[in-house]
Amino acid sequence: MKKLTNTLLLLSAFCVTACSPKDDELGITREMRTFQTDLESNSESMIYFETSLPKPGQLCLDNKQMHYASTVAKWLYTNKNISLILEGHCDERGASEYNMALGERRALSVKNAIVYEYRRQFNEEMNPGRIDIISFGKESNPVPYVEGMDRSEFLAKNRVVIAKIKDVK
């Protein structure tokens with residue numbers, strides 16, 4: 001009987017580790033996917049930019065983009081166990097180095113706006129470490145070109161910062 005109990009305990013432990021709810025090889029859990037869906041339903045998970053804005057050292061977000069930042073700040077306030085990563089993307093025009101820096105500026109401007117809105121709305125500092133940024137420049141277009149797609153539409157859809165769930169604690 002003791003041997004059977006030990007075997008069942010071992011099988012249970014194996015199932016908990018081997019059958020953990022990983023969705024893919026990147027280690028994204030079902031819980032992270034659920035929060036991503038919730039984030040997307042509470043706000044747009046993508047914030048689009050016109051050409052090469054923002055300029056270095058400026059926030060440069062328009063009203064729609066600031067509304068996005070405000071909505072994400074509210075969402076982060078109610079989900080204090082979540083951290084995000086903001087991915088900065090650029091269209092295919094321009095040099096790779098320039099676009100890497102531009103994608104980083106875009107993501108940083110969105111991060112700064114979210115942190116600002118969090119403080120403004122809740123009179124509380126948000127740990128800026130809850131939001132990481134990464135730039136993909138023009139090297140990884142989130143929207144691939146589809147035959148027949150209008151070129152200006154294709155370019156516009158790739159000038160974007162995308163919010164994704166990084167971690168759930």
Side-chain angles (χ1 to χ4, degrees), residues 13-50 53-54 59-92 96 99-146 153-169:
F14 175 75
C15 187
V16 167
T17 57
C19 303
S20 64
K22 299 284 184 185
D23 284 341
D24 57 34
E25 66 279 355
L26 298 176
I28 298 172
T29 65
R30 286 188 207 123
E31 183 180 31
M32 290 167 73
R33 292 242 189 258
T34 300
F35 278 113
Q36 183 70 38
T37 301
D38 187 49
L39 173 64
E40 291 168 3
S41 69
N42 281 289
S43 67
E44 307 239 351
S45 63
M46 298 181 169
I47 184 167
Y48 295 95
F49 288 83
E50 294 295 324
L53 292 176
L59 192 57
C60 283
L61 297 183
D62 64 23
N63 288 338
K64 184 177 179 182
Q65 294 165 331
M66 286 303 292
H67 177 74
Y68 167 85
S70 175
T71 304
V72 172
K74 287 176 193 169
W75 189 86
L76 285 170
Y77 184 77
T78 59
N79 295 284
K80 293 189 178 191
N81 60 331
I82 302 294
S83 59
L84 298 178
I85 188 159
L86 299 174
E87 299 178 349
H89 296 271
C90 300
D91 64 35
E92 62 186 22
S96 290
N99 280 327
M100 287 301 281
L102 178 58
E104 185 173 342
R105 285 196 315 269
R106 286 177 176 162
L108 184 59
S109 68
V110 173
K111 175 182 177 174
N112 289 340
I114 292 168
V115 171
Y116 169 81
E117 283 295 314
Y118 192 99
R119 181 177 49 243
R120 186 186 69 76
Q121 291 177 45
F122 305 108
N123 199 27
E124 181 180 311
E125 295 294 323
M126 183 187 84
N127 176 0
R130 288 180 63 194
I131 303 175
D132 288 340
I133 62 169
I134 187 170
S135 176
F136 289 100
K138 66 178 185 177
E139 309 307 321
S140 175
N141 287 338
V143 177
Y145 181 77
V146 178
E153 177 188 4
F154 167 70
L155 295 173
K157 287 186 175 188
N158 286 297
R159 294 188 301 264
V160 64
V161 171
I162 302 172
K164 293 187 177 176
I165 302 299
K166 179 184 168 207
D167 196 14
V168 181
K169 293 180 180 164

Indicate yes or no: at least one non-hydrogen side-chain atom of [X] is less than 4.5 angstrom from one of [Y].
{"X": "Val72", "Y": "Leu84", "value": "yes"}
{"X": "Leu86", "Y": "Asp132", "value": "no"}
{"X": "Glu139", "Y": "Ser96", "value": "yes"}
{"X": "His89", "Y": "Asn141", "value": "no"}

Requested in this report: Output, in order, the C-alpha distance, side-chain angles, deciding distance and verdict of side chain to side chain contact (heavy atoms under 4.5 Å, CB included) for Tyr48 and Lys64.
Outcome: CA-CA 10 Å; Tyr48 295 95; Lys64 184 177 179 182; over 6 Å; no
Report task. Just say parallel, tilted or perpendicular for the rings of Tyr145 and Phe154, cut-offs at 30° and 60°. Result ->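 Taking Phe154 first and then Tyr145, their aromatic rings stand perpendicular (interplane angle over 60°).
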Over all atoms of both residues, closest heavy-atom pair of [X] and [Y]:
{"X": "Ser70", "Y": "Arg120", "result": "OG-NH2, 4.5 Å"}
{"X": "Met126", "Y": "Tyr118", "result": "CB-CD2, 3.2 Å"}
{"X": "Ala73", "Y": "Gln121", "result": "CB-NE2, 4.2 Å"}
{"X": "Gly88", "Y": "Ala107", "result": "N-CB, 4.1 Å"}
{"X": "Glu92", "Y": "Leu155", "result": "CG-CD2, 3.9 Å"}
{"X": "Arg119", "Y": "Glu125", "result": "CD-OE2, 2.8 Å"}

For the [atom1] atom of [X] and the [atom2] atom of [Y], what is their distance to the nearest 0.5 Å?
{"X": "Leu102", "Y": "Glu104", "atom1": "CG", "atom2": "CD", "result": "10.5 Å"}
{"X": "Asn79", "Y": "Lys74", "atom1": "CG", "atom2": "NZ", "result": "14.0 Å"}
{"X": "Asp167", "Y": "Glu31", "atom1": "CG", "atom2": "CD", "result": "9.5 Å"}
{"X": "Leu108", "Y": "Ile131", "atom1": "CG", "atom2": "CD1", "result": "10.5 Å"}
{"X": "Asp62", "Y": "Tyr68", "atom1": "CG", "atom2": "OH", "result": "13.0 Å"}

Query raised in the report: Between the side chain of Asp91 and the main-chain N/O of Arg159, is any donor-acceptor distance below 3.5 Å?
Result: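 Between the backbone of Arg159 and the side chain of Asp91 there is no qualifying donor-acceptor contact (under 3.5 Å).
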Query - Lys NZ or Arg CZ of Lys138 over Phe136 ring: under 6.0 Å, within 45° - result: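 Lys138 over Phe136 ring: no.
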Query - Exceeds 12 heavy-atom contacts within 6.0 angstrom, atom CG of Asn123 - result: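 12 or below, so no.
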Query raised in the report: Partners of Lys164 by side-chain contact (heavy atoms from CB on, under 4.5 Å), sequence neighbours excluded?
Result: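 Lys164 satisfies side-chain contact (heavy atoms from CB on, under 4.5 Å) with Gln36, Ile85, Glu87, Ile162 once adjacent residues are dropped.
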Requested in this report: Would you mind telling me which of Ile114, Thr71, Leu61, Val110 makes a side-chain contact (heavy atoms from CB on, under 4.5 Å) with Met66?
Outcome: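 So, applying the side-chain contact (heavy atoms from CB on, under 4.5 Å) to Met66 and each of Ile114, Thr71, Leu61, Val110, only Leu61 qualifies.
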